[in-house]
Amino acid sequence: IQQQGLEIITSKPLINYRETVRKPAGPIMAKSPNKHNKIYIRVAPLTEEEVELIRTGRINENMDKKEIAKILRERGWDADEARSVVAVDERGNLLLDLTKGVQFLQESLDSIRAGFVDVMISGALAHEYSRGIKVVLHHFVPHEDPAHRTYAQLMPATRRAILGAILSADPVLLEPMLGIEVKCPVDMIGSVAGVVSSKRGKTLNIMQKETMAIIEGEIPASETFDLSEVMRGATAGKAIWNTHFKSWSPVPSSMMMNVIREIRKRKGLSEEPPRAEEFIDKE
């Protein structure tokens with residue numbers, strides 16, 4: 001295409017990140033825009049096993065609540081929490097309703113659920129998908145008049161409360177890790193291990209089969225853009241390798257703010273991520 005005289009602008013491939021929390025936080029209170037409704041939210045991390053149950057569809061929106069409760073109780077959940085799931089986000093998040101005796105809750109739940117889905121699609125740190133977050137509706141103080149508790153009031157309030165809770169819960173960005181398997185001559189093991197570690201990767205296993213070695217490791221997807229040149233340079237083209245998606249892993253804290261700023265800049269957002277105080281309302 002360039003030979004035809006057309007200008008081409010190239011950029012690095014985009015890496016999709018995920019956002020999650022590392023510890024419980026809340027309850028956090030946020031008011032609706034008209035200040036007449038209060039929503040209290042707390043959040044906690046889900047285990048990798050629980051996320052996989054949701055991701056593989058073994059827990060989903062269309063299931064009976066009793067079935068979901070049974071699966072969660074088998075995983076050690078408290079019976080009250082297990083039967084209070086009101087929304088399942090297929091990215092690996094749950095919304096629970098643990099309120100007691102709240103008026104008008106059933107008719108307000110759809111608006112609250114919409115706020116939950118919005119934050120799960122567009123996370124607090126860098127507007128990436130959220131993953132592995134348990135969002136608990138802790139308490140809800142609605143206005144008596146239905147005109148004051150519409151979708152336009154409750155959805156933003158829920159969103160603010162969830163964002164405030166997530167930003168208070170030690171939020172972290174997750175990056176995709178790729179499993180890598182390299183086959184090379186035995187005398188190249190050191191060179192290959194050097195390449196993997198220079199890419200923030202880890203060598204997990206080395207097997208030898210006669211004159212060939214098989215090296216298994218893991219490497220962040222964001223470090224693989226120039227992997228072919230580096231690997232060929234280090235092994236004189238004698239190594240062959242393949243990669244596959246392995247897991248999500250927290251971005252090292254020394255790099256995290258830079259990565260978040262880059263993503264936010266690309267998405268046209270202000271470079272600094274918001275602070276929890278921006279979303280938390282006082283009584």
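Looking at R113, its side chain does come within 3.5 Å of a backbone N or O of V86 through a donor-acceptor pair. Between the side chain of E128 and the backbone N or O of Y17 there is at least one donor-acceptor pair closer than 3.5 Å. Side-chain atoms of N37 never come within 3.5 Å of backbone atoms of A157 as a donor-acceptor pair (strictly under, hydrogens ignored). No donor-acceptor distance shorter than 3.5 angstrom exists from the side chain of R160 to the backbone of M29, with no hydrogens or angles considered. Not one N or O on the side chain of R131 forms a donor-acceptor pair closer than 3.5 Å with the backbone of R91. Under a 3.5 Å cut-off, the side chain of E19 and the backbone N or O of A124 do form a donor-acceptor pair. In terms of modelled atom types and a separation under 3.5 Å, the side chain of D89 and the main chain of V117 share no donor-acceptor contact. Here the side chain of S130 pairs a donor or acceptor atom with the backbone of V119 at under 3.5 angstrom. Here the side chain of D78 pairs a donor or acceptor atom with the backbone of E81 at under 3.5 angstrom. With hydrogens and angles ignored, the 3.5 Å screen pairs a side-chain donor or acceptor of E61 with a backbone N or O of V88.
Of all heavy-atom pairs spanning P156 and Y151, the tightest one is CD-O, 3.6 Å. A44 approaches V21 most closely through the heavy-atom pair C-CG2, 3.9 Å. For L173 against M256, the heavy-atom pair with the smallest separation is N-SD, 3.4 Å. Here the closest heavy-atom approach between residue G194 and residue S197 is recorded as O-OG, 3.1 Å. When all heavy atoms of L154 and R149 are compared, the closest pair comes out as CD1-O, 3.6 Å. In terms of heavy-atom proximity, P171 sits nearest to R22 at O-NH2, 4.3 Å.
You'll find the ring centres of H138 and Y40 outside the 6.0 Å limit.
Between L94 atom CG and L96 atom CG the span is 6.0 Å, to the nearest 0.5 Å. Put simply, CG on N258 and CD1 on I263 are 11.0 Å apart, with the number rounded to the nearest 0.5 Å. With values rounded to the nearest 0.5 angstrom, E175 atom CD is found 6.0 Å from M255 atom CE. The line from CZ of F116 to CD1 of I162 is 7.0 Å long, rounded to the nearest 0.5 Å. Atom SG of C184 and atom CE of M212 lie 6.5 Å apart (nearest 0.5 Å). In this structure, CZ in R232 is found 11.5 Å from CD1 in I240, a value given to the nearest 0.5 Å.
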>> With side chain to side chain contact (heavy atoms under 4.5 Å, CB included) as the criterion, how do I15 and F225 come out once you've worked through the C-alpha distance, each side chain's angles and the decisive distance to 0.1 Å?
In response: CA-CA 10 Å; I15 296 287; F225 300 147; 3.7 Å; yes

>> With salt bridge (charged side-chain N to carboxylate O under 4.0 Å, His left out) as the criterion, how do E271 and R261 come out once you've worked through the C-alpha distance, each side chain's angles and the decisive distance to 0.1 Å?
In response: CA-CA 5 Å; E271 285 191 28; R261 286 191 188 106; 5.1 Å; no

> What's the verdict on side chain to side chain contact (heavy atoms under 4.5 Å, CB included) for S222 and V251, showing C-alpha distance, side-chain angles and the deciding distance?
Replying inline: CA-CA 11 Å; S222 57; V251 174; over 6 Å; no

> Checking salt bridge (charged side-chain N to carboxylate O under 4.0 Å, His left out) for the pair K31/D281: CA distance, chi angles, key distance, verdict?
Replying inline: CA-CA 6 Å; K31 294 178 183 175; D281 291 320; over 6 Å; no

> Hey, mind stepping through R75 and E50 against salt bridge (charged side-chain N to carboxylate O under 4.0 Å, His left out) and telling me if it holds?
Replying inline: CA-CA 8 Å; R75 302 290 180 293; E50 290 155 3; over 6 Å; no

>> Let's go through V195 and V182 carefully: what are the C-alpha distance in whole Å and the side-chain angles of both, what is the deciding distance for side chain to side chain contact (heavy atoms under 4.5 Å, CB included) to 0.1 Å, and is it a yes or a no?
In response: CA-CA 11 Å; V195 169; V182 187; over 6 Å; no

> Please walk me through it: do E216 and M207 pass side chain to side chain contact (heavy atoms under 4.5 Å, CB included)?
Replying inline: CA-CA 8 Å; E216 291 171 356; M207 293 179 288; 3.6 Å; yes

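Sparse packing is recorded around CD1 of I9, with 12 or fewer heavy atoms of other residues, nucleotides or ligands lying under 6.0 Å away. Heavy-atom neighbours of R275 CZ from other residues, nucleotides or ligands within 6.0 Å: at or below the threshold of 12. Taking a 6.0 Å sphere around CD1 of I1, one finds it holds 12 or fewer heavy atoms contributed by other residues, nucleotides or ligands. The number of heavy-atom neighbours closer than 6.0 Å to CZ of R58, taken from other residues, nucleotides and ligands shown, is 12 or below. Enclosure of atom NZ in K35 by more than 12 non-hydrogen atoms of other residues, nucleotides or ligands within 6.0 angstrom is indicated.
Hydrophobic clustering, with ILVMFWY side chains joined whenever heavy atoms are under 4.5 angstrom apart, groups V172 together with V135. With hydrophobic clusters built from ILVMFWY side chains whose heavy atoms lie under 4.5 angstrom apart, V186 shares a cluster with M231. By the criterion of side-chain heavy atoms lying less than 4.5 angstrom apart, applied directly or through intervening Ile, Leu, Val, Met, Phe, Trp or Tyr residues, L125 is not grouped with L46; the two fall into different hydrophobic clusters. The cluster map of Ile, Leu, Val, Met, Phe, Trp and Tyr, joined by side-chain heavy atoms under 4.5 Å apart, puts L163 and V136 in different clusters. Both L174 and M120 belong to a single network of hydrophobic side chains, linked directly or stepwise wherever heavy atoms of I, L, V, M, F, W or Y lie under 4.5 Å apart.
Using a 4.5 Å cut-off on side-chain heavy atoms (C-beta onward), I41 and L137 make contact. Taking the side chain as every heavy atom from C-beta outward, L167 and E278 never approach each other to under 4.5 Å. A 4.5 Å side-chain heavy-atom check between F140 and D97 finds every atom pair outside the cut-off. For the pair V196 and I215, the minimum side-chain heavy-atom distance is 4.5 Å or more. Looking at heavy atoms from C-beta onward, I219 lies in side-chain contact with L227 at the 4.5 angstrom threshold. The closest side-chain heavy-atom distance from N60 to I68 is not below 4.5 Å. E223 is not listed as a side-chain neighbour of S198, based on a closest heavy-atom distance of 4.5 Å or more. Between S168 and I28, some side-chain heavy-atom pair lies under the 4.5 Å cut-off.
In summary, K70 and E74 engage in a salt bridge, as defined by a charged side-chain N under 4.0 Å from a carboxylate O.
By the 30° and 60° cut-offs, the orientation of the rings of H143 relative to H36 is tilted.
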